[in-house]
There are 2 protein chains.
Amino acid sequence: MTVSITDVAEATGVSASTVSRALRGRSGVSEEMRARIVAAAAELGYTASRSASSLASGRTYTIGVVVPYVGRWFFGTVLDAAEKVFSAAGYDVLLYNLGSPEARKRFFTKLPIRKRVDAVLSLLIPDPEEAAALCSLGVPLATTVGGARPGFTVVGIDDRGGAESAVRHLVNLGHRRIGMISGASEPLHWTTPLDRRQGYLDVLADAGIELDPALEADGGYTVEGGEQAMTELLALRHPPTAVFAQSDEMAMGALRALRRHRLRVPEDVSVVGFDDHELSEVVGLTTVAQPVAAQGREAARLLLAQLDEPDAGAPQPVEMPIRFILRETTAPPHSGRQP
Amino acid sequence: MTVSITDVAEATGVSASTVSRALRGRSGVSEEMRARIVAAAAELGYTASRSASSLASGRTYTIGVVVPYVGRWFFGTVLDAAEKVFSAAGYDVLLYNLGSPEARKRFFTKLPIRKRVDAVLSLLIPDPEEAAALCSLGVPLATTVGGARPGFTVVGIDDRGGAESAVRHLVNLGHRRIGMISGASEPLHWTTPLDRRQGYLDVLADAGIELDPALEADGGYTVEGGEQAMTELLALRHPPTAVFAQSDEMAMGALRALRRHRLRVPEDVSVVGFDDHELSEVVGLTTVAQPVAAQGREAARLLLAQLDEPDAGAPQPVEMPIRFILRETTAPPHSGRQP
DNA sequence: AATCTGAACGCAAACGCTTGCGCAACCAGG
DNA sequence: CCTGGTTGCGCAAGCGTTTGCGTTCAGATT
């Protein structure tokens with residue numbers, strides 16, 4: 001019922017080998033014969049079985065992409081961009097969505113990806129054990145988040161520097177009580193929260209502002225978490241006059257909390273985010289933009305390059321540019337009370 | 001270098017057949033032997049080659065998911081939910097992101113998915129030709145968007161009814177000039193824009209409001225498009241006092257346009273959206289909620305059910321519940337000018 | 001004691017493709 | 001005319017599983 005390579009071979013009156021070579025553009029087939037074979041294949045609606053061809057050749061023409069949450073804007077956007085590069089190059093992408101600890105554990109113990117992919121792009125930061133499992137696959141590895149990992153091609157941004165510019169902006173406006181809505185590194189093992197936090201600490205220290213641990217609240221990198229965190233900060237005896245949210249999503253949660261408290265932004269409280277979420281412009285959020293789709297594209301390209309040139313070793317880490325974007329959620333402290 | 005089934009067979013002192021049966025839980029293997037084999041497999045870090053096993057068995061244990069834009073919230077969320085169901089059932093998911101016309105064309109002509117998947121979940125609406133191509137794969141098909149298609153299991157919502165309740169809400173508030181920010185059906189061939197538009201028309205007719213074609217603007221289902229469309233509407237001689245945006249993303253674009261025009265929402269203009277985007281609550285958008293993730297889960301489940309019971313024919317279409325959500329972007333017309 | 005019956009396992013043939021090698025046929029150079 | 005080198009194609013051996021069928025053997029049945 002399903003048409004195989006021998007069907008088109010018989011239809012053309014040649015051997016299966018010749019059909020295989022003709023269809024994949026290999027040499028050793030006359031142009032005339034190739035044309036006849038291509039025509040016959042099209043006629044019969046023939047598509048080579050990937051299972052069979054990858055079994056025989058050892059190449060799968062498939063890239064594994066593992067992400068923590070496809071649904072979140074950042075990961076979805078990276079995935080979107082990377083997939084386009086892969087599919088344009090003739091690769092399929094196998095998606096692994098490892099949001100829950102169970103899914104994650106299942107993936108790394110059973111490693112269903114083994115022997116199924118030619119490379120993997122990981123948008124989550126594996127812990128050392130998981131990283132070892134990935135390395136054992138023996139295929140090129142890349143990532144777009146968190147810090148450098150041995151064995152991984154990494155494309156990322158200067159999280160620390162970005163956080164610095166966000167916080168410095170607040171300091172420059174005259175803020176002295178600056179809160180931070182952060183996220184734990186733990187469930188995902190990524191270094192982003194740590195780097196961004198360091199940027200915050202650096203600027204405060206540099207500005208001679210004493211650190212108040214109470215001004216740091218965990219927002220879990222979600223909107224709801226950001227709202228919760230902002231609410232906590234507002235409940236302090238001396239609430240901050242400005243907050244740096246480590247992600248735009250948390251910043252939006254913070255904006256919501258502020259609205260609920262009938263506080264005006266930026267007159268009463270300034271908010272600055274990080275990432276330049278697609279909707280940040282809509283809400284006028286001041287933030288630090290990172291080229292999200294471009295990172296996905298670049299990581300995909302580097303992976304493909306490694307597949308083309310297996311000998312050329314792993315590429316150097318690439319750092320994409322970031323950009324501070326001033327919008328409408330930041331102003332000098334208590335600007336609303338000034339005449 | 002890579003460990004195969006014969007390696008674990010030799011390690012255990014049995015044949016490859018027995019290893020295969022043992023590892024997949026088939027009968028014909030004593031419990032003691034099975035335990036030994038499982039232990040040896042774990043010891044050696046053996047994972048069956050999917051290529052080989054699907055070549056031999058004809059099953060791929062892979063589901064194809066085709067989406068127009070992974071990066072967009074709606075599709076990302078559906079995909080996220082569906083992937084979880086698939087992977088929990090032991091299936092991998094092969095992702096095809098068909099945003100550009102070229103990618104789409106490439107996909108449907110070459111049909112790389114053929115012989116690679118056991119079922120397909122399509123989040124885009126194929127045109128008749130494309131639908132035929134998918135049907136020719138001979139595997140169960142499902143979709144979560146647009147209308148019914150022969151051969152597809154569909155899970156969706158009552159788009160028309162949802163639009164009706166959104167617009168009726170505006171009418172009930174006293175609005176008479178109600179704009180609509182819509183989207184073309186064309187590039188994606190989906191019926192959602194048509195259905196939602198019909199709901200709008202129905203309510204206006206029912207309320208005895210004369211239709212003004214100028215009040216309908218195309219927003220392309222994007223934030224920028226929504227902003228553009230709202231700007232167009234505001235440029236009319238008689239701008240609307242309220243607008244129904246066919247998606248929350250377009251509604252957010254509209255909100256942005258209104259802010260730029262220094263118009264207050266809802267005092268000057270009311271806005272109602274559709275979908276209940278994850279950030280709609282943040283901006284206080286009145287909207288019609290649909291269970292996005294639940295639709296993805298349900299579609300995935302129905303697909304798996306068909307794989308388990310191939311004889312049981314295609315399931316009936318399922319319609320998921322929607323819910324009108326009143327927030328803060330709607331009010332009676334000119335409510336700001338009242339004392 | 002001879003026969004029958006399962007259970008437990010091995011054999012070997014697929015599955016559909018790729019690829020190294022061999023073998024004609026052909027052409028140019030000596 | 002004979003070499004040596006191309007070019008174009010077929011042969012057949014894999015690639016790592018699955019699975020129908022055959023074999024062995026212990027225990028139950030007559």
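- Looking at heavy-atom distances under 4.0 Å, A:Ser17 makes contact with a base.
- In the 5' to 3' direction, nucleotides of DNA chain C lying under 4.0 Å from heavy atoms of chain B begin and end at C:dA8 to C:dC17.
- Side-chain contact between B:Arg116 and A:Thr62 is present, with at least one heavy-atom pair separated by less than 4.5 Å.
- Taking atom CG on B:Leu55 and atom P on D:dT18, their separation rounds to 11 Å, with Å as the unit.
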Write out a two-atom table: protein N or O, nucleotide N or O from nucleotides 23-28 of chain D, distance below 3.5 Å.
none

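- B:Glu10 places its CD atom 13 Å from the P atom of D:dG16, with the value rounded to the nearest Å.
- Using a 4.0 Å cut-off between charged nitrogen and carboxylate oxygen, A:Arg72 and B:Asp80 do not count as a salt-bridge pair.
- Electrostatic pairing of B:Lys105 and B:Glu102 does not count as a salt bridge here, judged by no charged N lying under 4.0 Å from a carboxylate O.
- Among all heavy-atom pairs drawn from A:Glu130 and A:Ile125, the shortest one is OE1-O, 4.3 Å.
- Side-chain contact of B:Thr60 with B:Asp118: a donor-acceptor pair under 3.5 Å is present, judged by distance alone.
- Residues B:Leu95 and B:Val70 have side chains in contact (heavy-atom distance under 4.5 Å, counting atoms from C-beta outward).
- OP1 or OP2 of D:dT18 sits under 4.0 Å from a side-chain N or O of B:Ser20.
- Side-chain contact annotation: A:Ser51 with B:Ser54, donor-acceptor N/O pair under 3.5 Å present.
- Taking each heavy atom of B:Ser49 and B:Ala52 in turn, the nearest pair found is OG-N, 3.1 Å.
- In this structure, A:Arg26 places its CZ atom 16 Å from P of D:dG8, rounding to the nearest Å.
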Evaluation steps, side-chain contact (heavy atoms from CB on, under 4.5 Å), between B:Thr143 and B:Leu141: CA-CA 7 Å; B:Thr143 181; B:Leu141 268 24; over 6 Å; no
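- In terms of position along DNA chain D, the nucleotide closest to A:Ala16 lies nearer the 5' end than the nucleotide closest to the other residue of the pair A:Ala16 and B:Ile5.
- Among the atoms of the strands shown, base atoms are found under 4.0 Å from some heavy atom of B:Arg21.
- For A:Lys115, no side-chain nitrogen or oxygen approaches OP1 or OP2 of D:dC15 to under 4.0 Å.
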